[in-house]
A.B. asks: 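Quick one: structure below, then a few questions.
Counting starts at 1 for both ligands and their atoms, following the listed order. Note that this is a predicted model, so its numbers are computed, not measured.
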Amino acid sequence: FYALYMRSNLANRVVTLHAAPPVLDANSSSAKVSPDRFWGSYRPQVYFGMKTRSPTSIVTGMMWMRQFSDMDVNLRHTCEQGDRLQGYGWLMHDGLTFGVQEIRDNDFTLTTEFVKRMGGGHGGDWTWRITAKQHSSSPQAPVISLMFYAAADTEGSLEAHVEEKNRLASITGSSEELGNFKITFRKPVTGELSSAKYASYNYLQTVTPGLEKLTDIVKHSLNRRFVYSPPSGEKRHYIAVDVYKPPHHHNQQKPSDTRKESDFVVHQVTVQTPFQVEVLFESGSFYNRPNQLVGSIMTQELEKRKAEFNAKFEKTFGLESKSFSQAHIKFGKAALSNMLGGMGYFYGQSVVQSVYNDYPLLYPEGALFTAVPSRSFFPRGFLWDEGFHQLLLSKWDPQVTREAIAHWIDLMNMEGWIPREQILGDEARSKVPAEFIVQRNENANPPTLFLALQELIEQLLSHPDKAASQPTLPFLRRLFPRLKTWFEWYNTTQTGPLPNSYRWRGRDKDTNLFLNPKTLTSGLDDYPRASHPSADERHVDLHCWMALSSGIMASIAQLLGEPHQDYELSHQILSDNNLLNELHWSEQLRAFSDFGNHTQAVSLQQEKVYVPPGQPRHQFPVARLVRSVRRAPKLQYVNALGYVSLFPFLLHVLQPDSPKLEYIFHDMRDPNKLWTPYGLRSLSKADPLYMKRNTEHDAPYWRGPVWININYLAVRALHHYSNIDGPYKEKAAALYEELRTNIINNVYRQYVETGYIWEQYNDSTGRGQGSHPFTGWSALTLLMMAEHY
Ligand code: 6A9
């Protein structure tokens, strides 16, 4: 009985939050406390939509479709690579008051703009303006349907107000957080001053069991019975929302789906390009608004915000003063804006597992305000991505960074663990295959939030009087108890076999199936590590992350007047170049390396399936690839040259006079190893696993392609070593110029050519590949342009 009791107690630890007071007050995101950040484009997973920073926000959004096209119904709503848009993303966005987005569909472009206006006690008003233009290449002006909607998420109610037949003129509603409000749909016009244009109207008023069902509900309500008959043209049938009929195959709601149904209202307007249409949200408690934020007033407001944005952008990043072209500056603005426009507010529960529970458990409900790596393919929070995101955002608005870090750190459990990938709420969960959902509490992810904290501290120390930095000290004070536990968690659960060595947990277990078992926890997924995972391993990248983290812990403790000697001591030990050499320098490779139970003699082979003579081959299991090991593994250096070998340099652990820098610079600049005209490749061209698949289904990922986060660290480190005295100062300066130029040129060129910033870049052609848009850490290109490190 006692054992069982203990076990369930231990099982509960994983889902028990840290006991220290949360960094954020319970109501810190509310309309009362933070009105100017209440509404925002916090739904990065849809092309255009807004919600409030609250658990059960009323959400608003837009879908659209092209009428009379030869293709099947092409309804656009959530960002999907399969939509094959020519490009989309925010061109301007200040993260606070306004945004301008451009969406390029096949033969027309939609510009979606919003402006917020403060007033009343519920987060104020906003107006959207959608402008549609046909592409010059398209033979005739397309007819487009925009579907604007509002949906409740278990709380609040919506009422449709229909005017003239089918035209839904407005929605009124109320919710606990928003009080009363009204959403008005204005008629489309050709330009700001022109009169109304011919348009057809439809609407849908229904309920939804959850926000992840909105697209399906609209799809299943579509009907072709409506007639579009402009005064000077032929009558044609068009597709519009009608009555919602649940599809008969997976009939209605599943019996298990006991969720409360919430109001969902859609306004559809069908009109030919060019046109402009506005939607206004007016808050009931804003009773003294000077005028309506529409038409010319909206134009003035937009112009004002754009001018302010441009001035602040130049002040912050100084691209004009560096003589970048207007096209480069536009790209830089898009990179920043899409990172800000990619901030999401998520709420829900992770699914977690420890060794003490037989089944996954639900983590406590929590909120996460975070940037996302990719609006299409992974619109959710990733722990180590966020540290990189905030390196950029902290330059623009340190308050965003403090709030994002606070949200992440408040998700810590009593052990000091933070789930690596945050899949919060049904909408987020609906995008993730089941096998990826469960998070394990042994698993880490690089503590990059320390990089962002380092930046906040530097801002505070270099401009102690600057208003934007002032809240950093009280923020650190509240953060500190949790930060201590976080650091301790890494320092106890991720230790290696030798004193002061470290080892990533959570490597793939089923070693036969992979060419090299992956280490998702390190963030570098399939980067080659020891061929046979074991407790004998030590990982050089984690050693360096710990050297960095202990140093920043020491600075924070010192700033706060807390005991800092232990952190200082850890930092000194972990930065000791002799220790590092002993643990990780491979004489054979002449580079830093992981150590473990390893053999290079592995390959993937067809499994030999026995087919009895005379039997048809196809009746037997398909031969899969399995690993064959030709020479037994032994304890040794792994000797894979690539990003992992660079870490002592990347995180400034090496002394400026370390002779190892000479080898590192040499390997970096060698086109047969790491150098490409597009940035540093992740794995040396000379490595046996260079561009090798891990299984028949698993293409190389961190085994060659160029990744911008690590390249950013490399450029930053070169800048660092070129600014302190040492024998390699000049070499660092020369490499800095070359590497920086190569990366900027390629990411920029790919953006212009393809319309997107990409997850990674091909090391032989420079072409963007993987998920797109990926304005996550690839947007760090802007910091390289600005030379802000
Ligand atoms: C798989 C897809 C329908 C992989 O940018 C996020 C992470 C990085 O943290 C990590 O370092 N990416 C990098 O190696 C992407 C991970 C995506 C996992 C989702 C399921 C479902 O899509």
A.B. asks: For atom 17 (C) of ligand 1, which candidate among Phe377, Trp707, Phe378, Tyr527 provides the closest heavy atom?
C.D. replies: Phe378
A.B. asks: Looking at ligand 1, does any of its N/O atoms fall within less than 3.5 Å of an N/O of Trp702?
C.D. replies: yes
A.B. asks: At a 4.0 Å threshold, what atoms of ligand 1 neighbour a non-hydrogen atom of Asp385?
C.D. replies: 5 (O), 6 (C), 8 (C), 9 (O)
A.B. asks: Please find out if less than 6.0 Å separates the ring center of His539 from that of Tyr502.
C.D. replies: no
A.B. asks: Tell me whether Arg380 has any N or O atom under 3.5 angstrom from an N or O of ligand 1.
C.D. replies: no
A.B. asks: Enumerate the atoms of ligand 1 whose separation from the nearest heavy atom of Pro433 is less than 4.0 angstrom.
C.D. replies: 20 (C), 21 (C)
A.B. asks: When only distance counts, is Trp384 in polar contact with ligand 1, meaning an N/O pair under 3.5 Å?
C.D. replies: yes
A.B. asks: Are Asp541 and Tyr527 close enough, and set up right, to give a side-chain hydrogen bond (donor to acceptor under 3.5 Å, both in side chains), and what steps lead you there?
C.D. replies: CA-CA 12 Å; Asp541 50 339; Tyr527 185 94; over 6 Å; no
A.B. asks: Can you confirm whether more than 12 heavy atoms, excluding those of Lys395, are under 6.0 Å from its NZ atom?
C.D. replies: yes
A.B. asks: If you count every heavy atom of other residues, nucleotides or ligands that lies below 6.0 Å from Arg440 atom CZ, does the total exceed 12?
C.D. replies: yes
A.B. asks: Is the closest heavy-atom distance from Gly776 to ligand 1 below 4.0 Å?
C.D. replies: no
A.B. asks: Taking the six-membered ring for Trp and the full ring for Phe, Tyr or His, determine whether the centres of Tyr88 and His772 are under 6.0 Å apart.
C.D. replies: no
A.B. asks: Please say whether Gly523 places an N or O atom under 3.5 Å from an N or O atom belonging to ligand 1.
C.D. replies: yes
A.B. asks: Check each atom of ligand 1 against the heavy atoms of Lys431 and keep those under 4.0 Å away; list them by number with element.
C.D. replies: 3 (C), 21 (C), 22 (O)
A.B. asks: For the ring pair Phe369 and Tyr42, is the centre-to-centre distance below 6.0 Å?
C.D. replies: yes
A.B. asks: Is there a ring-ring contact (aromatic ring centres under 6.0 Å, His included) between Tyr761 and Tyr678 once you walk through the steps?
C.D. replies: CA-CA 8 Å; Tyr761 294 87; Tyr678 321 108; 8.9 Å; no
A.B. asks: What protein heavy atom sits nearest atom 16 (C) of ligand 1, and how far away is it?
C.D. replies: Phe382 CE2, 4.0 Å
A.B. asks: Find all atoms of ligand 1 within a distance of less than 4.0 Å from any non-hydrogen atom belonging to Trp777, and give their numbers and elements.
C.D. replies: 8 (C), 11 (O)
A.B. asks: Would you please indicate if the ring centroids of Trp417 and Tyr490 are separated by under 6.0 Å?
C.D. replies: no
A.B. asks: Looking only at protein heavy atoms, which one is nearest to atom 12 (N) of ligand 1, and how far off is it?
C.D. replies: Tyr701 OH, 3.8 Å
